[in-house]
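Just below is one structure, and these are the notes that go with it.
The structure displayed is predicted, hence computed values, not measured ones. We use all heavy atoms of the structure for the numbers below, so side chains are in, but hydrogens, waters and symmetry mates are not. Chain letters run A, B, ... following the sequence lines, proteins first, then strands; residues in each count from 1.
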Number of protein chains: 2
Amino acid sequence: MIKEPIHDKKSCNQHIMAVHDAMYILNGRWKISIIASLCFNTLRFTDLLREVEGISGKMLSRELKNLEENQLVTRTVLNTQPVTVEYELTEYGHTLKEVIDSLAKWGHNHRKKITGKD
Amino acid sequence: MIKEPIHDKKSCNQHIMAVHDAMYILNGRWKISIIASLCFNTLRFTDLLREVEGISGKMLSRELKNLEENQLVTRTVLNTQPVTVEYELTEYGHTLKEVIDSLAKWGHNHRKKITGKD
DNA sequence: GTCATCTGATTACCAAAAGTAACTGTAACA
DNA sequence: TGTTACAGTTACTTTTGGTAATCAGATGAC
């Protein structure tokens with residue numbers, strides 16, 4: 001059997017760079033949580049304030065703007081009284097589902113490890 | 001066929017909470033990149049300074065301490081001259097591989113989307 | 001012998017990001 | 001008339017992160 005290093009330097013660096021690229025888009029404390037919340041449902045600003053535990057209005061509005069710029073989220077103003085605004089993951093945003101799911105899986109397991117409970 | 005909501009509120013919230021738990025451990029700008037770099041190889045402090053693009057010594061040392069506290073990384077001082085220190089993912093740290101891989105996959109795809117290149 | 005260098009950090013100082021709380025403005029409700 | 005809900009924005013403070021200098025121990029160069 002021919003022995004070769006499983007991870008050559010080039011593919012290794014590509015891997016690291018790819019993670020770096022992803023984190024460049026998902027930077028900051030809130031984006032991943034916001035995307036996770038939008039994974040299942042379209043939500044309004046106030047819904048998100050409630051769902052994303054601990055976020056402030058300022059940060060939510062700032063992060064949503066940034067996610068919109070990166071085409072992960074769409075913002076739709078509805079013609080209601082008072083005005084409501086819906087935030088929704090774009091098709092491209094939904095490609096992050098696998099990332100979110102693996103994070104959720106790990107987080108769930110971690111909670112079990114720490115608390116001993118399920 | 002019985003219609004039921006695919007995502008009931010409870011499992012939804014659990015999912016979001018699990019992501020939150022994961023991000024609580026992986027917070028800050030650098031941890032995920034550090035873990036990605038350690039995924040393949042044990043690395044020394046200086047190696048990490050080079051591999052984790054843009055990190056400063058202060059942050060690297062701070063983040064490594066935190067990762068050690070959370071039992072994701074081990075620190076081993078080698079009896080060389082000058083002293084070298086090796087950082088290695090723990091077994092538990094390696095459970096993050098799936099997360100890292102899905103991030104790398106998404107990041108790779110995102111780079112393609114942005115640059116048009118592979 | 002002493003100067004520069006390599007190792008893995010730490011410190012003081014400054015800049016950027018994030019948190020807090022108050023405020024905007026419109027409209028329904030009581 | 002006053003309160004509530006909507007989706008934010010603003011001024012101010014705190015926390016986090018970045019930069020550059022420094023530490024300490026040992027090696028190699030001159």
Under 3.5 Å, which protein N or O atoms sit close to an N or O of nucleotides 25-27 of chain C? Give each pair with its distance.
none

Discussion item. Membership question, hydrophobic clusters at under 4.5 Å side-chain separation (ILVMFWY): are A/Val77 and A/Leu49 in the same one?
Written reply: yes

Response to the item:
Per side chain to side chain contact (heavy atoms under 4.5 Å, CB included), A/Ser37 is matched among A/Leu43, A/Leu89, A/Ile100 by A/Leu43

Discussion item. Using the side-chain hydrogen bond (donor to acceptor under 3.5 Å, both in side chains) criterion, which residues pair with A/Tyr92? Sequence neighbours excluded.
Written reply: B/His110

Worksheet item: How close or far is atom P of C/dA9 from atom CG of B/Leu67, stated in whole angstroms?
Response: 13 Å

Discussion item. Regarding A/Ser102 and B/Ser102, do their side chains bring together a donor and an acceptor under 3.5 Å, going by distance alone?
Written reply: yes

Worksheet item: Does A/Thr90 reach the main-chain N or O of A/Gln71 with its side chain, forming a donor-acceptor pair under 3.5 Å?
Response: yes

Worksheet item: Is it the case that B/Lys105 and B/Asn109 place a side-chain donor and acceptor less than 3.5 Å from each other?
Response: no

Discussion item. Looking at C/dA9, I'd like to know if its phosphate oxygens (OP1 or OP2) sit under 4.0 Å from a side-chain N or O belonging to B/Arg75.
Written reply: yes

Worksheet item: So, A/Asn13 side chain and A/Lys10 main chain: donor-acceptor pair closer than 3.5 Å or not?
Response: no

Practice prompt. Round to the nearest Å and state the distance from B/Phe45 atom CZ to D/dG25 atom P.
Written response: 19 Å

Worksheet item: Is there a residue in residues 54-64 of chain A whose heavy atoms reach under 4.0 Å of DNA chain D, and which residues are they?
Response: A/Gly57, A/Lys58, A/Ser61

Worksheet, complete the sentence: Here the residues of residues 17-29 of chain B within 4.0 Å heavy-atom distance, strictly under, of DNA chain D are B/Gly28, B/Arg29

Worksheet item: Can you name the side-chain contact (heavy atoms from CB on, under 4.5 Å) partners of A/Arg111, sequence neighbours left out?
Response: A/Thr115, B/Met17, B/Asp21

Worksheet item: Partners of B/His108 by side-chain hydrogen bond (donor to acceptor under 3.5 Å, both in side chains), sequence neighbours excluded?
Response: B/Asp118

Item to complete: Report the distance from atom CG of A/Leu43 to atom P of D/dG8, rounded to the nearest whole Å.
Response: 13 Å

Worksheet item: Rounded to whole angstrom units, what separation is found between the CG atom of B/Leu48 and the P atom of C/dC6?
Response: 18 Å

Item to complete: Report the distance from atom CG of A/Leu49 to atom C1' of C/dA21, rounded to the nearest whole Å.
Response: 14 Å

Worksheet item: In this structure, which one of B/Leu67, B/Val52, B/Val73 forms a side chain to side chain contact (heavy atoms under 4.5 Å, CB included) with B/Leu38?
Response: B/Val73

Discussion item. Is the shortest side-chain heavy-atom distance between B/Phe40 and A/His15 below 4.5 Å?
Written reply: yes

Fill in: Distance below 4.0 Å between A/Trp30 side-chain N/O and C/dA17 OP1 or OP2
no

Practice prompt. In whole angstrom, give the distance that lies between atom CZ of B/Arg50 and atom C1' of C/dA9.
Written response: 15 Å

